[in-house]
Amino acid sequence: MLTAVFDLISGFSLTTTNLYLTLLFALQPLHPIDRASILLAMSEENHHERAYMSLMRGFRELDLRGPCVPSDLVLTGDHAFPLAMNSRGQVLMAASLYGRGRIVVLGHEGYLTTFPALVENALTWLRGDGSDNVSVGVHKRVEKAADNLSKSSFQVAVVGAFSDNRAVGVYVTDAYSVGADVKDLVAFLKAGGGVLIAGQAWSWAANHPKENTLLQFEGNKVCGVAGIYFSDHKGEAECLPVYPQIPSSWMAVVIGKDFEDDLQFLLQGVSEFDLQGRLLASEVLVHGPLAFPIGTTDSGQAFLAGSYYGQGRVIVVTHEGLLGRETMAPFWKNALHWLDEGRQGVVGVAPNAPFDVLRKSGMQCEKTHFREGLSVFVCTAYGDAHVEEIQQFVAEGGGLLIGGHAWYWAQSRPGENEITNFPGNKILNAMGLSLLKKTVGAGLYKAPVPSKAIKDSYHFRHLLHRFASHVSHGVELNGHEEGHLKRLGADCVTYLNMKAHGCPSYTQVLSTLTDIVMKSGMPQVCDSCPVKSPRDHLLLSLGTEVYKVCPDPDALLPYLIKDNPLMQVVYNHRIKIDVHTAAGLEWISTGLYLSPGMKTYIAMPAEIVNKEWKIQISCQTDYLKGDQLKRAPCVHEKFPVISEMMQVWNLWGGLIYLVAPPKTKVEGVEAIVQMAVPAPYYKSGVTTAADWLLLRTAPSPWAELEFDNIILTVPSDVVRSLDRPDELAALWDEMMRSIADLAAIPHTFPRKERFVADVQISHGWMHAGYPIMGQQSTAGELVSVERIRSKGLWGPIHELGHNQQRGCWEFPPNTTECTCNLWSVYVHEEVLGDRQGEAVTSAERQKRKEGYVKAGKKRGSWEMWVALETLLLQEQFGWDAFKKVFAAYHEMSDFPKDNEGKMNLYAVTQTGTVCFFEAGHRNNEGKMNDLPPWSDHPMVQYD
């Protein structure tokens with residue numbers, strides 16, 4: 001079915017194709033994966049798929065069985081894609097682009113005569129769209145291919161060399177006859193010409209055991225620039241079915257070389273790498289088939305790596321400062337010679353790169369911007385002015401040494417994708433290397449042993465191939481490999497963030513990861529079924545990220561979410577937007593929920609488009625890093641509002657929010673949600689008692705209670721039986737007003753606080769922030785008036801107190817977990833009528849003070865409960881003393897930065913604390929000497 005579809009539509013215009021596909025999908029139900037294949041192939045951006053269809057038109061199979069023993073082809077870069085792949089994942093035919101030209105590579109010269117129809121397809125594609133040049137030059141050593149073209153529309157001439165007829169549109173040759181034409185052929189290709197080249201390199205490699213096949217085999221000097229290499233491995237010839245999309249196999253995700261000879265050359269006289277000192281390097285992800293780690297930490301993080309790219313080479317070091325480090329000089333000498341490839345040419349060092357150490361390498365070094373005529377170029381990773389020129393320079397044989405880190409760039413641009421947007425990665429990604437925002441610890445790291453480097457070290461592609469073998473064929477992983485699975489999962493997430501859908505190598509890895517997820521399924525993580533093993537950690541990360549970038553996420557969804565019941569929905573739900581945000585961003589609740597994988601459209605008012613607004617799906621915004629997970633590490637999605645019609649979804653589902661940026665005022669506009677699941681949502685002053693009786697049964701698993709100054713987000717089960725949300729609102733309103741009173745701020749908070757009760761949070765039992773996060777078991781406490789009044793609410797008020805803390809009167813780390821408790825004490829005394837908790841009983845307090853004095857009144861012991869004693873001065877001065885102090889701080893500016901200065905200021909502002917500060921540490925500086933003595937203070941008995 002699909003093959004017939006592709007044969008039919010391959011000759012259509014895009015408009016005609018779209019019309020045909022619309023009718024096809026309406027009349028002929030297709031499996032979602034097949035539908036995705038068609039859509040992917042016909043998308044505007046995926047010219048590689050369209051090229052593949054053109055090249056393979058009319059073929060149902062390729063019978064390669066016979067006397068020809070082909071080479072396995074190695075593919076790299078952004079444009080090389082396979083045409084024929086055997087059951088072992090070996091590529092036997094491939095095509096690519098370079099400059100404005102095109103190239104087709106066949107793994108044996110015999111294929112030029114075995115498959116005349118394929119050759120004719122290739123010539124048609126190689127000629128280029130819109131070209132009227134039908135002249136084809138065929139090298140005399142493959143003149144039989146010319147005989148098969150005698151009845152074609154091409155004007156074929158047999159020539160002794162490319163130079164004999166340079167006016168051709170396409171040139172056909174074997175891989176052994178390019179000789180002196182290499183430079184001319186590369187220039188011809190770059191300018192828009194087409195090249196069809198066929199041959200094998202395994203026999204040449206056997207006769208030249210000390211030569212580098214990738215660089216020295218004659219055919220590779222041409223096709224290598226376009227990212228296709230004849231390797232020294234024999235390919236297995238089979239009868240291969242021709243599929244309607246570019247062939248893919250997890251077995252093709254392999255390393256294209258063992259790199260032992262490269263490491264032996266690079267590591268001569270090098271035993272260790274010196275990353276000591278204050279220098280902070282990034283990690284580099286080594287992901288290309290011809291990329292390899294050189295220097296790694298004990299845990300496998302790479303900070304130094306190399307790669308082949310075209311006919312050239314590249315080395316990246318993840319901090320430019322290391323280029324100027326004397327202890328690294330022996331390595332840099334080796335590196336420059338390796339990059340130079342024996343040419344003894346000029347090494348150009350960019351003006352902003354360290355120079356002194358490099359010039360001692362014995363190479364001819366000069367300070368210069370990128371220019372023609374260099375053998376090696378050395379630069380930092382912070383500029384992208386010459387991306388294409390540098391890539392072509394390397395592809396055509398140049399060497400590149402690049403240094404820099406991406407962590408500072410990423411920290412300075414929160415939310416930006418450093419994999420795609422960091423300047424250095426615009427050069428390096430295509431070369432199989434990417435600088436990350438992850439950092440590498442300082443240290444002295446041993447150089448690897450070349451003969452064991454790949455086997456014993458971590459390599460992304462090697463372990464991915466091994467894990468795919470494990471999933472597909474049950475191959476057992478060794479302990480070393482299992483130990484790196486969690487890391488592999490993180491690297492897969494990073495790699496997928498390239499979102500390089502037009503790049504065949506990216507599509508190959510994505511296909512492999514999709515296959516892994518579909519065969520293994522994703523762990524159905526939950527409270528009662530946590531994820532613990534490295535394997536399940538990997539699959540959980542993979543499922544989440546593959547879903548985001550795969551061509552048809554709807555087809556993948558059943559493999560990821562096993563229990564996804566249909567829920568009642570509402571249509572065209574209107575959301576009123578009236579916001580006036582202060583300093584921080586603000587979530588606007590919609591009372592709507594999306595099921596896992598459910599998609600909806602939201603019509604946005606023009607007033608907020610491209611104004612830094614976002615749509616957020618899910619309240620669970622903590623990122624988890626634990627060894628045991630009760631949910632996926634990240635389960636929320638954010639979509640920048642960039643158009644008036646937005647489509648949104650989330651694998652994990654979640655409540656829908658509009659996120660308003662800081663300092664924004666918007667009134668009287670509406671957003672319309674096309675379709676969503678209603679949630680139990682109560683809003684003070686809006687939701688009536690009758691409304692609530694219906695809303696509390698709404699099907700969403702998440703509920704929200706929005707009161708005057710706080711919004712509680714809890715599992716719906718805990719509100720199903722809540723009869724009087726108005727009583728709960730009144731109690732929370734009273735508690736929040738008391739929090740404002742103590743903080744000396746208005747009763748109406750500048751932004752309502754939020755509390756989310758999640759199955760697992762990033763740290764602790766609860767933690768402060770926006771929102772405050774708490775363990776799911778706390779949800780019932782938050783919504784029960786009886787429970788709050790009888791047992792108190794110390795923990796949640798403690799976190800609300802954290803949100804009131806200010807650095808100007810905080811003395812970290814001593815008071816970080818102390819001053820927030822002032823609000824717990826205050827709310828329990830003033831609203832709930834009891835101080836609550838064994839920690840603040842008289843006996844416990846006396847015991848703490850005595851222990852503190854007996855231990856020598858050490859500053860390190862003055863923290864949390866002990867420090868709270870210092871601040872419980874309301875017993876003698878009343879709470880108004882604190883309110884006046886906090887109010888005074890609102891009027892101040894230019895605060896001290898150090899703890900001593902801040903303590904002095906606090907003591908002056910609240911006189912009563914002097915005795916405590918002096919009891920703990922003598923400090924008579926500044927105005928403290930002028931304060932009146934306090935003779936009956938609580939610490940007098942210890943003087």
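In this chain, residues are counted from 1 in sequence order. Because the structure is a prediction, the values reported are computed rather than measured.
The distance between the ring centers of H233 and W202 does not fall below 6.0 angstrom. Ring centroid separation for the pair F370 and F377 comes in under the 6.0 Å cut-off.
A cation-pi geometry, defined here as NZ or CZ lying under 6.0 Å from the six-membered ring centre and within 45° of its normal, holds between R487 and Y458.
Proximity of a side-chain donor or acceptor of Q311 to a complementary backbone N or O of C223 within less than 3.5 Å is not detected. Remark: side-chain polar atoms of R102 are not paired, donor with acceptor, to backbone N or O of L97 under 3.5 angstrom. Using a distance-only test at 3.5 Å, with no hydrogens or angles considered, a donor-acceptor pair links the side chain of H48 to the main chain of G502. The backbone N or O of L266 sits less than 3.5 Å from a side-chain atom of N334, completing a donor-acceptor pair. Using a distance-only test at 3.5 Å, with no hydrogens or angles considered, a donor-acceptor pair links the side chain of N429 to the main chain of I419. At distances below 3.5 Å, at least one donor-acceptor pair connects side-chain atoms of Q200 with backbone N or O atoms of S203. W332 places no side-chain N or O within donor-acceptor distance of the main-chain N or O of E326, the cut-off being under 3.5 Å.
Salt-bridge formation is not detected for the pair R141/E109: no Lys NZ or Arg NE/NH1/NH2 atom is positioned less than 4.0 Å from an Asp or Glu carboxylate oxygen. The pair K257-D262 meets the salt-bridge criterion, since a charged nitrogen lies less than 4.0 angstrom from a carboxylate oxygen. With respect to the salt-bridge test (charged N to carboxylate O, under 4.0 angstrom), the residues R466 and E481 qualify.
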List the steps and the verdict of side-chain contact (heavy atoms from CB on, under 4.5 Å) for F460 and V286.
-> CA-CA 6 Å; F460 173 71; V286 182; 5.8 Å; no
Please assess L400 against I427 for the test side-chain contact (heavy atoms from CB on, under 4.5 Å), listing each intermediate value before the final yes or no.
-> CA-CA 10 Å; L400 176 65; I427 298 172; 4.0 Å; yes
Audit row: V253, Q508, side-chain contact (heavy atoms from CB on, under 4.5 Å) steps and yes/no = CA-CA 7 Å; V253 184; Q508 179 73 248; 4.2 Å; yes
Would you sort out whether V74 and V91 count as a side-chain contact (heavy atoms from CB on, under 4.5 Å), showing the intermediate values?
-> CA-CA 7 Å; V74 178; V91 178; over 6 Å; no
E218 and K221: salt bridge (charged side-chain N to carboxylate O under 4.0 Å, His left out), yes or no, with the steps?
-> CA-CA 5 Å; E218 208 164 286; K221 294 177 182 179; over 6 Å; no
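With values rounded to the nearest 0.5 angstrom, F331 atom CZ is found 14.0 Å from D274 atom CG. Atom-to-atom distance recorded for Y308:OH and T76:OG1 is 12.0 Å, nearest 0.5 angstrom. Distance check: K333 NZ to K360 NZ gives 12.5 Å after rounding to the nearest 0.5 Å. Rounded to the nearest 0.5 Å, atoms CH2 (W409) and OH (Y382) are 12.5 Å apart. Taking NE2 of H319 as the start and OG1 of T380 as the end, the distance is 11.0 Å to the nearest 0.5 Å.
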Under 3.5 Å, which donor-acceptor pairs do the side chains of residues 179-189 form with other protein atoms, sequence neighbours left out?
{"from": "D181", "atom 1": "OD2", "to": "F162", "atom 2": "N", "distance (Å)": "2.8"}
{"from": "D184", "atom 1": "OD2", "to": "R166", "atom 2": "NH2", "distance (Å)": "2.7"}

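T507 and H501 are not linked by any side-chain donor-acceptor pair at a separation below 3.5 angstrom, with hydrogens and angles left out of the test. In the model, T318 has no side-chain atom that pairs as donor or acceptor with a side-chain atom of S282 under 3.5 Å. At a cut-off of 3.5 Å, with distance as the only test, no side-chain donor of Q216 or T213 sits close to an acceptor on the other residue. In this structure, a donor-acceptor pair under 3.5 Å is absent between the side chains of S451 and E260. Neither side chain, Y98 nor Q392, offers a donor N or O lying under 3.5 Å from an acceptor on the other. Under 3.5 Å, the side chains of S375 and D340 contain a donor-acceptor pair of N or O atoms. S434 and N425 share no side-chain donor-acceptor pair at under 3.5 Å. At a cut-off of 3.5 Å, with distance as the only test, a side-chain donor of D174 or S177 sits close to an acceptor on the other residue.
For D298, the CG atom sits in a loose shell: 12 or fewer heavy atoms of surrounding residues, nucleotides or ligands are nearer than 6.0 Å.
Contacts of W204 classified as ring pair (Phe, Tyr, Trp, His ring centres under 6.0 Å), with partners at least two apart in sequence or in another chain: H208, F217.
Taking the six-membered ring where the residue is Trp, H480 and H484 present perpendicular rings, their angle passing 60° and hence far from 30°.
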